[in-house]
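Right, one structure below, let's go through it.
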Amino acid sequence: MKVYNTLTRSKEEFVPLTPGHVRIYACGVTVYDLSHIGHARSTMVFDVIQRYFRFKGYRVTFVRNFTDVDDRIIRRANAEGVPATEVSERYIQAFREDMAAIGVAPADAEPKATEHVPDMVVLIERLVAKGFAYTVDGDVYFEIRRFPGYGRLSGKNLDELLAGARVEVDERKRDPRDFALWKSSKPGEPAWPSPWGPGRPGWHIECSVMAMKYLGESFDIHGGGEDLIFPHHECEIAQSEADTGRPFARYWLHNGMVNLRAEKMSKSLGNVLTIREFVKRHEPDAFRLFVLGTHYRHPVDFAEERVRDSARALERLTRLAPDAQARGSGTSGGVPEELGGFRARFEAAMDDDFNTPQALGVLFDLARTLADDRERAATDRHVRERFVAGVSELVALGQVLGLFQRARETAGMPAEVLRLVEERGQARARRDWMRADQLRDEIERLGWSVEDTPSGPRITRKSV
RNA sequence: GGCGGCGUAGCCAAGUGGCCAAGGCGGAGGUCUGCAAAACCUCUAUUCAGCGGUUCGAAUCCGCUCGCCGCCUCCA
C-alpha cells in the first residue's frame, strides 16, 4: 500500500510501526461555530482512510481532537455573555450531529484540548528545561532556532520565512518566528494554573500532547487539511520531537480544500456552506460521492449542480437493488469468479494513495455488469445468482467507502404521501389512469416522486 | 517575493513513458412501456493549456510561455 507523505513529498510504501496496527491522528475542528462542508470533506477523507485500513484487516486506533480553547471561542462567548465552555460544548454537539448526518463514524478517541491542559503544562515545562522554550512575562515561546528540523514539513526556508513574515513583530520574542506554547490570560479569559501564572495553551501544543498521549511518542499517520501544514503541523513536529528526540508522526497526509466560487471556503471570506444547510437539500451519500469523486489531495470546487450530478450517479448504484442501501446487506458468501476482478481492482485503486475516484470507477463498472445481469436474470438462473452475489459485493465495497450506511429516506416519508401512493396503486389497478396521474401530481407537490417499476412503485424524495 | 499544486471531451474527474486516454453527469439513437418516468443497450476526446526538447515511443520526463489556485496570518 502506498501513501503520499507530505514530509517527503512522495508516495511511500506504508509500513506501520507495529505490524498489523495503524495509529492515526487527524486534526479536528475548532468549535466556535457550525462546521461547513470543507470540514466535512476533511473529516470524511480520514473517515474513509480509517475504514479502508480496517477493511484491509488492520487494527486501527483513530484519534480526532476538538480544539475547544481558542480566541474565537472566547470572543463568541463574550459576545453572547456565556462561558466559553458553553460555546464549545454547543458546537461539539453540533459537530457530532452533523457527522452522524453525513455518515462519518466517531473516532476511537475524541479528546478535547481543555481536558489535557495539565499534560500540556508538563510538556512545556520539559521544553523549557531542555532549552527549547523560554518565558516572557507569563508567556512561553518555542525557540525555533533550537530545533534544526523546523521548516522541513512545509518546505520553508527559515531565512525566507523571516523575510516574508507578515505578523507584527513582538519585541519580547527572541525571534519573530518563535511561536507561543503558553499564553498568559487576560481578565475574563479562561485560565489554567501553571508555573508561569494563569494562562491557556497555545494552539499547536494540544495536538502534540493528545496525539502522544493516545498514540505514543511515535505513531503512523497524522492528517489534516493542507492549510494546517504550516504553521500548525510544523510546530507540532518541533515541539514533540524536541522533547522526545524521536520521530513524531511518520506519514503526514493532507487533504485539499473545498472551494466555493473558485476560492477556498472560509469564514473570513464569508463563502461558507454549513453541513446543516447542506443536508437539508441533499442526500448524505450524494455528498460522499461528490467528495470521493475527486482525489483527496486535490482541491474540489463546490457547486450545487455538481452535487446533483453525484446524486444521479448514486442512483446508478442504488437502483440495482431496492435494498442496496439497507445496512447489513453487505455481507456476502461466495463471490462468483467472474466478479472477483472487481474487488481486486478496487483494492488496487485504494492501495494507491486512496484513489477513491478510481475505486468508484470500479464500482460503476461492476454496476454496469450487474444491470445487464438483472435484465437477463428472469430467464437464467446462473445470471440471477451472480446478480444477487454481485449486488452484495457492490454494497460491501461501497460500505468500505462509507456509502450505503442507511436505508433510503423512505423512513421519513409522511403518512400522507404513503396514503396517496396506496390510493394511486388502487386507481391503477382499476385502470383509472386519470385518477392515478392526478394522485401522482399531488404526491409531487408534497416533494416526493413515484415511479412504477415491475416490483411496485418506487418513491423517492425529490432533491431540490 | 518564497514554497507547493493544477490546467485531460459540453461539465466533473482518473490516468504520470508503450494494449482502443477509466468512470460519472449531460447529450444522441435504440429496446421497453396505460401515460410519465425509470431501467437496459449502443454511441459521444486520432487527443490531453500552448510552444520547443529528450526518447524507438509522452497526456505522462525536461525547458519555456500563458492561465488558475493554495500556503507563507486564524483556518479542515
Side-chain angles (χ1 to χ4, degrees), chain A residues 6 9 11 26-30 32 35-46 64 67 70-72 75 151 154-157 159-168 177 203 223-232 234 254-259 262-269 272 289-290 292-295 297-301 303 305-317 319-320 345 349 352 355-368 370-376 428 431-434 436-437 440-441 444 449-454 457-458 460:
Chain A
T6 305
R9 302 197 184 274
K11 275 186 204 172
C27 283
V29 294
T30 301
Y32 73 105
S35 297
H36 58 65
I37 56 177
H39 301 119
R41 181 193 191 190
S42 185
T43 313
M44 188 173 278
V45 161
F46 290 98
R64 182 175 54 231
T67 298
D70 166 85
D71 288 344
R72 291 163 297 172
R75 209 179 304 139
S154 54
K156 305 278 183 209
N157 172 304
D159 301 328
E160 286 161 356
L161 239 186
L162 183 58
R166 284 189 256 157
V167 222
E168 72 276 27
R177 300 164 296 184
W203 176 33
E226 66 181 359
D227 54 351
L228 297 185
I229 295 172
F230 188 90
H232 188 50
E234 194 72 73
H254 294 97
N255 65 274
M257 299 291 100
V258 174
N259 298 150
E263 279 181 312
K264 175 182 164 183
M265 186 173 290
S266 75
K267 283 295 264 186
S268 50
L269 289 170
V272 296
L289 221 51
F290 171 74
L292 301 182
T294 299
H295 186 86
R297 284 195 280 121
H298 294 170
V300 57
D301 215 41
E305 180 194 340
R306 285 179 208 156
V307 178
R308 280 197 289 272
D309 288 351
S310 296
R312 292 200 189 96
L314 180 66
E315 293 279 297
R316 220 179 162 67
L317 304 177
R319 276 184 190 278
L320 244 2
R345 286 171 56 208
D352 184 14
N355 193 331
T356 55
Q358 202 162 72
L360 285 173
V362 175
L363 258 41
F364 283 109
D365 283 344
L366 173 57
R368 186 200 302 281
L370 295 174
D372 192 45
D373 280 359
R374 184 182 49 188
E375 295 298 299
R376 299 184 293 125
R428 290 187 75 235
R431 306 180 65 82
D432 182 354
W433 311 123
M434 216 142 113
D437 289 350
R440 177 162 54 200
D441 289 345
E444 297 257 332
S449 39
V450 194
E451 290 152 28
D452 299 311
T453 75
R458 178 170 182 278
T460 47

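All chains are named by letter (A, B, ...) in the order of the sequence lines, taking the proteins before the strands, and each is independently numbered beginning at 1. Nothing here was measured: the structure is a model prediction, and the numbers come from that model.
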>> If you compare every side-chain N and O of Lys264(A) against the phosphate oxygens of C71(B) (OP1, OP2), does one of them come in below 4.0 Å?
In response: yes
>> OP1 or OP2 of C25(B) versus the side-chain N and O atoms of Arg306(A): is any pair under 4.0 Å?
In response: no
>> Counting distance alone, no hydrogens or angles: does the base of C3(B) have a donor or acceptor under 3.5 Å from a partner atom on the side chain of Arg9(A)?
In response: no
>> Taking only the C1' atom of each, what is the distance from A14(B) to U55(B) in whole angstrom?
In response: 26 Å
> Nearest to the side chain of Lys156(A), which nucleotide is it out of C72(B), A76(B), C35(B)?
Replying inline: C72(B)
>> Return whichever of His298(A) or Arg345(A) has its heavy-atom-nearest nucleotide of RNA chain B closer to the 5' end.
In response: His298(A)
> Less than 5.5 Å between centroids and less than 30° between ring planes, does Phe364(A) satisfy that with G23(B)?
Replying inline: no
>> C72(B), OP1 or OP2 - any side-chain N/O from Arg177(A) closer than 4.0 Å?
In response: no
> What integer distance in Å separates Asp301(A):CG from A13(B):P?
Replying inline: 8 Å
> Once Watson-Crick and G-U wobble pairs under 3.5 Å are found, how is RNA chain B written in dot-bracket notation, 5' to 3', with | for any base paired to another strand?
Replying inline: ((((((((.[[[..)..(....]]]((((((.......))))))....[[[[[..)....]]]]])))))))....
> Quick one: which of A36(B), A76(B), U42(B) gets closest to the side chain of Met265(A)?
Replying inline: A76(B)
>> Quick check: on RNA chain B, is the nucleotide nearest Ser42(A) upstream (toward 5') of the one nearest Asn259(A), or the reverse? Name the residue that is more 5'.
In response: Asn259(A)
>> Whether Arg319(A) contacts A39(B) is assessed here as follows: a side-chain N or O lying under 4.0 Å from the phosphate OP1 or OP2. Is that the case?
In response: yes
>> Can you identify which nucleotide, out of C69(B), G34(B), C40(B), has its nearest atom closest to the Asp437(A) side chain?
In response: G34(B)
>> Is there a side-chain contact between Thr30(A) and the phosphate of A76(B), meaning an N or O under 4.0 Å from OP1 or OP2?
In response: yes
